[in-house]
Every structure is written in C-alpha cells, then in structure tokens.
Amino acid sequence: MLKPDSESPPNEITVNIAMAGLLWRDRTGRSVSDEEIIGLVSKFGECGVFPSVVRLTQLITKLCRTGKSDRAWDVIHNVMKLGGDVQAPSCNALLAGLGRQQNFQKMNKLLAEMKENGIQPDIITFGILVNHLCKFRRVDEALEVFEKMSGERESDDGFSVKPDTILYNTLIDGLCKVGRQEQGLGLLEKMKLEQGCAPTTATYNCLIDGFCKSGEIGRAHELFDQMNKEGVPPNVITLNTLVDGMCKHGRINSAMEFFNEMQGKGLKGNAVTYTALINAFCNANNIDKAMQLFNEMSKAECSPDAIVYYTLISGLTQAGKLDDASFVATVMKKAGFCLDIMSYNILIGGFCSKNKLDEAYEMLKEMEQAGVKPDGITYNTLISYFSENGDFMTAHRVMREMISDRLVPTVVTYGALIHAYCLVGKLDEAMKIFRDMSSGLRVPPNTVIYNILVDALCKNRKVEVALSLMDDMKDKGVRPNTNTFNAMLKGLKEINWLEKAFELMDQMTEHACNPDYITMEILTDWLSAVGETEKLRSFVQGYEVSASTA
DNA sequence: ATAGGGTTAG
C-alpha cells in the first residue's frame, strides 16, 4: 500500500490514484477491504492531503451501498476534523445512505453539521431529504424541509436554495400518495408562480393519480383537461393512470372508451394499459373480453410482458379455467419469459383447489427445473391442500420438508392445520398446535387463528373454552374483530346465555367492532324472541350496519 | 419525480 512517508511527498494526486485503484482492487488484483481504504484516507489526511470531492464521494457511496453508513459517517467526520474540504456531493451520498435506512435523525444531524462547517447544501441535498421523507409517508416533515430550504420562514435556519420542478413534483407526489391531493393542488398553483418551476407532465400525472386513487375520477379527468388546455402534453403514464383509476372504480366501459379515444389521437397504450384492462375484465368475470384484449396486443404492436401474462394466468385460474391458464403459461414460456414464483404459486394453488394433485406436482417439478425455489407460500398451499383433504400425515410431512428447506412455518401454516383439524372435529389436535405455536415455536397467534378456534369451539358447544380464549386474546393484546364476536354470539345463542351476550355487545362497542349483517341475523331473531328489542335498538344506535356479504 | 400483477389460514 502507498505510504505517506514514501520518497516523494504525498499530494492530492497520490491519494486519488491510490484510492482509484483500491476502490476496486489493487495492482496485483487483490481485493482491498474498505477498512484499508479508510485507513489510507486517514493516514493521508493526517499529512494534510485529502482525496478529491469525486473520490471521497465514491468511497462514501460504496460504504453506504454495502450497509456501512456508520463508517461513511466516520470518514466524513474525520476528513472534516483534519481540515479537509468536504463538499455537498459527499454529504449527499451519505444522506442517501442514511435515507435508505430511514435514519432521519442522523440525516437532520448531518444537515446541521453541514451548516456548522460551512458546507453549502445544494438542491440535491434537499431532494434526497424530501424524497426519503415522502417515501416513508412523513410528508409534514418534508414540507418543513421545503420551507426551510428556501428560507421562506425568514429565520436564521433558512438555506436560500431555490426549489426546482423535480422537488415540487416529489412533494406533490408525496402528498398525493397519502391522500392529500387537495394540498398537492395548492403546490401546483404555487409552482406556477415561481421562476423555472413550470409544472410538467409528471406533475399532473402525480395529481391525477392522487384523485384516481381516492376515487375522484371526475376531478382526475378535469386535471387531464386542464393540462391539455395549458399545453402540458399527456403521455402514456397519464393514460395509464386514468385507465387504471377508472378500472379500479368500476368504470371499465369508461376506461375502454377513454383508451380508444386516446388511441385515436395518437397516444398509444403499452403493456401497462393492457394489464389494467385485462385485470379489470378478469375481476368482472369477463374472461372473454380479457382474452380479446390480450389478443389485440400483438395487433397493436405491443407485446405482452411477464406482468400481462401473470395477470391473465391469475384471472383464468381464479375463474377456474386451469387448462387455459396453463396454456397461457406455455405461450409465455415460448415467448421467452420465465414464470416467477408468484405465477407458479397461483397455478399450484389452482390445481390444488381443482383437486388435481398430479398437475400441481408437475408444476413443482417444472419450477425446480427452472431453478425457482418453492417459498413459504408454495409450502403453505400444499399443507393447506393436504389438511383440507384430511391427509394430516402428508401435511405434517410437507411441513417438515418446509423446515428442512430452511423456511419458517408462519401463522398461516399453523392456521391451515388448525382450521382443517377444526373442520373434522379434532379440536384437541387443533388446540395442541395452537399451544405449540404460541409457546415453543414463537409464532404469535393472530386474530384469524383465534377466530378459527373460537368458531369451532362454539360450534361444538364448548362456549366456556371459547370465552377463555377471548380472555387469552386480551392478555396477549390480540384485538378481536367482528368475526370473533359473531362466532361467540352464535355460540351463546345456542345455549341462550343472554347476560353474556349483552356483555359481549358492550365489548363490541368498546372495541369499535362494527356489527355486520351476520351480527344482526344472530341478534334480531334471538333478542326479539326473548323480548329484548330495546337492547338491540340501543346497540345498533351509532353504528352503520355494513351490508357486506363477507 | 409519475403508471401495471402481489399469490398461502378465518
């Protein structure tokens, strides 16, 4: 390694050349550890020689990318301490690293230290801060940074860096992603008033998406009209955002109409457009139309990608058309795509639900040949299939395979077994698994697990045991939901334990568990039969009884 | 900086 005390005195060039080599590998091809490079920087630094801004930034970036942002922090501080010239790009690299770790405390600290050390942050610095805050939905803090950067607050912590279009777009997107699109509109007006911050297609796309996601399709469409009027050209993302928004809010026909209208105007769709539409038609049980759109793609010179294939395979599987689904999988492979784990899982689940175990095994074999490892969901699907069919031996065997495959059974794995044992009336086995998972196996049961058991216990007239499970939930901090109470109330109705039912109704109110139509079905008959309609009336008061069919 | 699929237990 180069030493500061070699014949010629070290200078910036020496350290840069040394680092340039060492960041990758040294002359002999030996890989050099990060610590050696850090040591080098430190050694040179003590002689007053520092890497260039570019080299230092490269080192910081590398450290952050390999999860060593703590060391990156040390390096920056060391260079500062030794009097080296640290500039914004190096700090930005560290900020980005800290941002990926959601370490906002340190990000703020770094910003403060930049100010202390006279390092002028740039627009990128604030871009990183705002971007990461928005990504983790901390939009109010992002807005604070935004106000601080331009020094609008007239306080001494302003930085007088002017925001640009990208920063505005980031903020608007952040606001829209948390449902604050109205506030996003406010920023749109603000940026129009500023120099060099003209709204772009992306600005409108973010806003349109915000209104689409909140179901305000009309407002979204108004924005679309507005951007056209202002001469901001819509692009395929604008098109897709609106098409998807319409599809997701039950307006498939409007979506098709809009798509056709745009195509007529020369704005072509792409695979994303077709995914939205195919997905919508599958969900609306219109497989024919979905297939038709799929076939139209090649004519429109828009070849399907893996997601389009997945969407179709998933839709066909859900419609029970397994033959068609595996045919599409074949076409997909012929087109040069590989099925991913989700596609395999969908197909395996589909074959299991059709009781076609041979085909399911064939898929397993195929995925092994394709080098796609089964994951927890694959195993859970199989465990669920075998348990549901009463083959508990095989179910347990598959679970052991799962474990030897270094996968951890989850609450869903145990849930499948518990549910199946309950269905065949083997409550003892179910309770045994429940106790195992919560004690030794360290898989905390959730509401679903408790609901399966409470329901089964009540159906088997073991109401007292079910009640004790509800106490257990309380102890463990697992929140009951409407289904829990429904199961319990049904059990209480069977044995006509009225006082306990009243108690539970009060608890429902306390837990803000809205009664649904099942609750009402149980209570209406029962309470009117025993002349307690008044109690029922006061119970439903203040609730919107949901008409769900779940 | 902006658009699409998210599969397993009640």
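Here the structure is a predicted model, which means the values were calculated and not measured. Letters go in sequence order (proteins before strands), and every chain restarts at 1.
Closest to the side chain of A:Val411, from the set B:dT2, B:dA3, B:dA9, is B:dA9. Residue A:Thr170 places its side chain closer to B:dA1 than to any other of B:dT7, B:dA9, B:dA1. In this structure, the nucleotide among B:dA3, B:dT7, B:dA9 sitting nearest to the side chain of A:Ile452 is B:dA9. Of the candidate nucleotides B:dT7, B:dA1, B:dA9, B:dA9 has the atom lying nearest to any side-chain atom of A:Ser384. The A:Ala416 side chain lies nearest to B:dA9 when the options are B:dG5, B:dA9, B:dT2.
Judged by distance alone with a 3.5 Å cut-off, a donor-acceptor contact links the side chain of A:Thr275 to the base of B:dG4. Judged by distance alone, with hydrogens and angles left aside, A:Asn451 brings no side-chain donor or acceptor close enough to the base of B:dA9 to form a pair under 3.5 Å. Contact annotation: side chain of A:Asp340 to base of B:dG5, donor-acceptor pair present below 3.5 Å. Below the 3.5 angstrom threshold, one finds no donor paired with an acceptor across the side chain of A:Asn270 and the base of B:dG4.
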Next item on the list: Please step through ring-ring contact (aromatic ring centres under 6.0 Å, His included) for the pair A:Tyr361 and A:Phe351, ending with a clear verdict.
Entry: CA-CA 9 Å; A:Tyr361 272 130; A:Phe351 284 127; over 10 Å; no
Next item on the list: Report the C-alpha distance between A:Thr378 and A:Leu364 in whole Å, list the side-chain angles of each, state the deciding distance to 0.1 Å, and finish with yes or no for side-chain contact (heavy atoms from CB on, under 4.5 Å).
Entry: CA-CA 9 Å; A:Thr378 324; A:Leu364 279 169; 3.9 Å; yes
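A:Val243 comes within 4.0 angstrom of no nucleic acid atom, judged by non-hydrogen atoms across all strands. Among the atoms of the strands shown, none is found under 4.0 Å from any heavy atom of A:Asp455. Residue-level contact check: A:Asn481 touches the bases, meaning some heavy atom is under 4.0 Å from a base atom. Note on A:Ala487: nothing from the nucleic acid sits closer than 4.0 angstrom, heavy atoms only. Among the heavy atoms of the strands, none lies under 4.0 Å from A:Asn283. Counting non-hydrogen atoms under 4.0 angstrom, A:Asp164 reaches nothing in the nucleic acid. Contacts of A:Ser314 with the nucleic acid, taken as non-hydrogen atoms under 4.0 Å apart, are absent.
Put simply, A:Lys248 has no side-chain N or O that comes within less than 4.0 Å of OP1 or OP2 on B:dA3. Within the structure, a side-chain polar atom (N or O) of A:Asn131 is placed less than 4.0 Å from OP1 or OP2 of B:dA1. In this model, the phosphate group of B:dT2 is not approached by any side-chain N or O of A:Lys135 to a distance below 4.0 Å at OP1 or OP2.
Using bins of under 30°, 30° to 60° and over 60° for the plane-to-plane angle, the ring pair A:Phe485/A:His511 lands in the tilted bin.
Across the protein-nucleic acid pair, A:Leu364 atom CG and B:dT8 atom P stand 16 Å apart, rounded to whole Å. What separates NZ of A:Lys268 from C1' of B:dG4 is a distance of 20 Å, to the nearest Å. As a whole-Å value, the separation of A:Asp375 CG from B:dG6 P is 16 Å. Across the protein-nucleic acid pair, A:Leu312 atom CG and B:dG6 atom P stand 13 Å apart, rounded to whole Å. Regarding A:Tyr204, its OH atom lies at a distance of 14 Å from the C1' atom of B:dT2, rounded to whole Å. If you measure from atom CG of A:Asn279 to atom P of B:dG5, you get 6 Å, rounded to the nearest angstrom. Spacing between atom CE of A:Met402 and atom C1' of B:dT8 amounts to 9 Å, rounded to whole angstrom units. Following rounding to the nearest Å, A:Lys213 (NZ) and B:dT2 (P) show an atom-to-atom distance of 12 Å.
Inter-residue side-chain proximity for A:Asp436 and A:Lys432 is flagged as met; some heavy-atom pair is nearer than 4.5 Å.
Between the side chains of A:Asp173 and A:Thr170, no donor N or O sits under 3.5 Å from an acceptor N or O. Side chains of A:Asn483 and A:Asp455: a donor-acceptor N/O pair is absent below 3.5 angstrom, by distance only.
Contact record, A:Met363 with A:Leu347: CE-CD1, 3.8 Å, taken as the closest heavy-atom pair.
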